[in-house]
Amino acid sequence: MYEKWNKQFIGGEWREGNGERVYEDKNPYSEETLVQIRLANTEDIDEAYRSAREAQKEWEEINAYDRVAIMEKAVELVKERREEIVKILIAENGASHTKANIEVDGAIGIMKEASTFPLRMHGKIMPSVVPGKENRIYHNPAGVVGIISPFNFPFHLTMRSLAPALAAGNGVVIKPDLQTMISGGLFMGKLFEDAGIPKGLLNITVCSSSEIKDAFVEHPIPQIISFTGSTPVGRHIGELCGRHLKRVALELGGNNAMIVLKDADIERAAGSAAFGKFLNAGQICMSLNRIIVERPVYEEFLRVLVDKASQIKYGNPADKDVVVGPLINNKQVGRIQELIDRSLEMGASYALKGEIEGNVFAPTILTNVTNDMPIAQEEIFGPAVGVIVVEDEIEAIRVANDSEYGLSGAVHAGSIEHGVEVAKQIVTGMIHVNDQGVNDEPIVAFGGEKASGLGRYGGEWALHEFTTTKWISVQTNPREYPF
């Protein structure tokens with residue numbers, strides 16, 4: 001089923017790339033090769049952007065109701081092809097069955113929301129200080145959007161930008177992560193081709209940054225670059241976009257904290273922590289990185305969390321009972337173990353030591369953690385977590401905010417309103433009371449503060465991100481000038 005995904009999708013054609021390298025897309029659990037593809041180069045990227053610009057002119061002129069119908073057709077195709085994309089996510093991404101289905105559901109949600117965008121491109125007529133003038137405000141497509149998508153939730157996180165960008169009338173070029181080039185890119189090309197978008201409107205360029213350098217971002221055609229990934233790469237992309245005066249939407253790393261107050265329901269809090277940490281082996285920007293617990297309930301919470309985590313099944317994601325599958329590659333295994341080792345040297349200890357089998361890293365919990373340790377200050381992006389004890393909620397708030405990141409988080413409290421008051425004091429774009437940090441809904445603003453990014457996805461905020469506003473004034477009566 002993977003052999004057909006061996007071509008680039010450029011200018012409405014499935015063809016070979018012109019790059020120097022042939023890339024092997026591998027299963028991260030078995031490390032078997034799924035398919036090989038010749039990568040794209042800068043010439044291919046140029047053709048893709050030019051194609052998107054030309055097709056966008058046609059797409060923008062298509063009746064809004066017809067664009068709605070095409071977007072709705074794409075939603076139906078995802079539903080029909082759910083089993084196929086779930087299998088691809090398991091094989092290419094190492095996703096568990098649970099995670100893969102959550103991802104498909106999330107993509108369907110944002111696609112359904114985006115399908116309403118063609119009918120929400122509202123304009124305004126406004127008064128003027130000038131006699132006889134009428135001010136008209138138009139909501140227009142931005143033009144062409146470049147999307148750089150990650151490996152961890154490739155289908156959903158690509159679709160989170162793609163569906164709104166297309167629905168708002170833009171052309172799109174996608175650069176998926178090589179490790180998930182099918183689920184994060186090529187599958188979308190076929191999906192929207194079959195849904196009936198104009199030829200060349202959507203392009204998928206599977207390429208290596210080592211070969212193309214910054215060409216994808218610096219190309220003069222795209223007006224907006226949407227990037228989901230690490231903060232260091234996001235900073236670089238933001239700098240490039242600033243230099244070239246492009247708009248940029250950045251959803252970057254997180255160091256998300258869960259605060260467990262002394263009046264919290266411990267069983268409920270520990271269950272939230274286990275889900276919010278170990279879903280997708282912790283490879284989610286919203287995953288819990290730090291669990292901050294008030295001292296009176298610290299021992300009880302740690303005991304319950306360890307008990308829950310130790311029962312989580314790990315291994316081959318093709319097994320429907322497996323929750324924690326492989327990390328995306330072996331480099332990530334070594335990086336996480338190095339974070340743990342450095343923290344152990346500073347005084348942390350294992351509350352639960354997970355086994356390592358190939359690229360599978362079993363759930364791991366550290367105790368005696370302080371907020372200056374690597375496990376607490378660096379984004380883990382894996383199935384390990386540190387539990388930090390604090391004396392009171394004032395210290396809990398201070399520790400939670402003692403990070404350069406501010407993406408997501410959670411507060412568990414006996415009183416909902418008390419939890420909300422604590423949540424308001426955490427500098428983060430999103431935070432959830434009596435829940436965990438991994439939440440993403442299609443109609444709600446999604447994004448972070450500080451080093452966790454710029455802009456917002458979801459609902460009306462996504463519509464704003466991928467459109468531009470134009471003012472046209474009409475002088476209905478002759479205007480008198482002073483000279």
Side-chain angles (χ1 to χ4, degrees), residues 1-2 24-35 82-106 150-156 177 179-180 182-184 270-289 291 304-341 350-366 375 379-387 436 438:
M1 66 181 290
Y2 305 106
E24 293 187 0
D25 188 19
K26 294 185 176 183
N27 180 315
Y29 179 75
S30 67
E31 299 191 324
E32 68 174 310
T33 297
L34 303 175
V35 67
R82 171 187 282 269
E83 184 177 349
E84 180 183 4
I85 187 59
V86 165
K87 287 181 178 178
I88 292 172
L89 285 166
I90 291 169
E92 185 184 45
N93 174 246
S96 67
H97 281 265
T98 298
K99 180 266 185 182
N101 280 285
I102 288 173
E103 182 164 359
V104 175
D105 287 338
F151 71 80
N152 59 323
F153 265 68
F155 188 65
H156 173 56
D177 189 294
Q179 300 165 110
T180 49
I182 303 172
S183 52
S272 289
F275 179 88
K277 174 69 265 185
F278 299 114
L279 177 66
N280 197 36
Q283 297 174 113
I284 309 174
C285 56
M286 298 172 284
S287 291
L288 298 175
N289 225 50
I291 303 175
V304 178
L305 177 62
V306 168
D307 180 62
K308 290 182 180 295
S310 63
Q311 296 179 51
I312 293 174
K313 187 171 182 179
Y314 58 90
N316 186 348
D319 181 342
K320 289 190 176 183
D321 293 328
V322 163
V323 172
V324 173
L327 296 173
I328 194 65
N329 57 50
N330 196 252
K331 181 180 178 181
Q332 295 300 315
V333 175
R335 183 188 60 79
I336 294 166
Q337 186 60 57
E338 192 259 346
L339 283 178
I340 292 171
D341 290 342
Y350 283 111
L352 176 65
K353 183 177 182 180
E355 297 179 355
I356 298 174
E357 300 175 1
N359 290 338
V360 176
F361 203 125
T364 297
I365 301 171
L366 296 187
I375 201 74
E379 184 177 27
I380 302 168
F381 225 68
V385 68
V387 184
Q436 43 71 52
V438 183

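Just so it is clear, the model here is predicted, and its values are computed rather than measured.
Considering all non-hydrogen atoms of both residues, A384 and I336 come closest at CB-CG2, 4.3 Å. Summarising the geometry of L352 relative to A309, their closest heavy-atom pair is CD2-CB, 3.7 Å, with the distance given to 0.1 Å. Nearest heavy-atom pair, V385 versus I380, reported as atom, atom and distance to 0.1 Å: CA-CD1, 4.2 Å. Pairing each heavy atom of E92 with each of S183, the nearest pair is OE1-OG, 2.6 Å. Between L89 and F155, the closest heavy-atom pair is CD2-CB, 4.4 Å. Among all heavy-atom pairs drawn from F278 and V324, the shortest one is O-CG2, 3.7 Å.
The side-chain heavy atoms of P383 and L327, taken from C-beta on, include a pair separated by under 4.5 Å. The shortest side-chain heavy-atom distance between L366 and Y350 falls under the 4.5 Å cut-off. Looking at heavy atoms from C-beta onward, I182 lies in side-chain contact with V35 at the 4.5 angstrom threshold. Between R335 and L339, some side-chain heavy-atom pair lies under the 4.5 Å cut-off. In this structure, I90 and P317 have side chains that are in contact, with non-hydrogen atoms separated by less than 4.5 Å. Side-chain atoms of S287 and E379, non-hydrogen and from C-beta on, never get closer than 4.5 Å to each other. Within the 4.5 Å cutoff, the side chain of D319 has heavy atoms near those of the K313 side chain.
Taking OH of Y2 as the reference point, atom CG of D25 lies at 9.5 Å (rounded to 0.5 Å). Summarising the geometry, atom CG belonging to D341 is positioned 4.5 Å from atom CD belonging to Q337; distances are rounded to the nearest 0.5 Å. Here K277 contributes atom NZ and I291 contributes atom CD1; the two are 8.0 Å apart, rounded to the nearest 0.5 Å.
The backbone N or O of N27 lies less than 3.5 Å from no partner atom in the side chain of E32, so there is not a single donor-acceptor pair. Between the K353 side chain and the I365 main chain, no donor and acceptor come within less than 3.5 Å of each other. In this structure, H97 contributes its side chain and A318 its backbone to a donor-acceptor pair below 3.5 Å. Formation of a donor-acceptor pair under 3.5 Å by the K26 side chain with backbone atoms of E31 is not found in this model. Remark: the backbone N or O of G354 is paired with a side-chain donor or acceptor of T364 at under 3.5 angstrom. At distances below 3.5 Å, at least one donor-acceptor pair connects side-chain atoms of N152 with backbone N or O atoms of Q283. The backbone N or O of V438 sits less than 3.5 Å from a side-chain atom of Q436, completing a donor-acceptor pair. Without hydrogens or angle criteria, N329 side chain to Q332 main chain gives a donor-acceptor distance under 3.5 Å. A donor-acceptor pair is defined here as one N or O able to donate and one able to accept, closer than 3.5 Å; such a pair exists between the side chain of N93 and the backbone of F151.
Judged by the 6.0 Å distance and 45° axis criteria, K99 is positioned over the aromatic ring of F153.
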- Query: Between L279 and I102, does a side chain to side chain contact (heavy atoms under 4.5 Å, CB included) hold up when you go through it step by step?
  - Reply: CA-CA 10 Å; L279 177 66; I102 288 173; 4.2 Å; yes
**OP:** Verify side chain to side chain contact (heavy atoms under 4.5 Å, CB included) between R82 and N101, making sure each step is shown before the conclusion.
**Re:** CA-CA 8 Å; R82 171 187 282 269; N101 280 285; 2.8 Å; yes
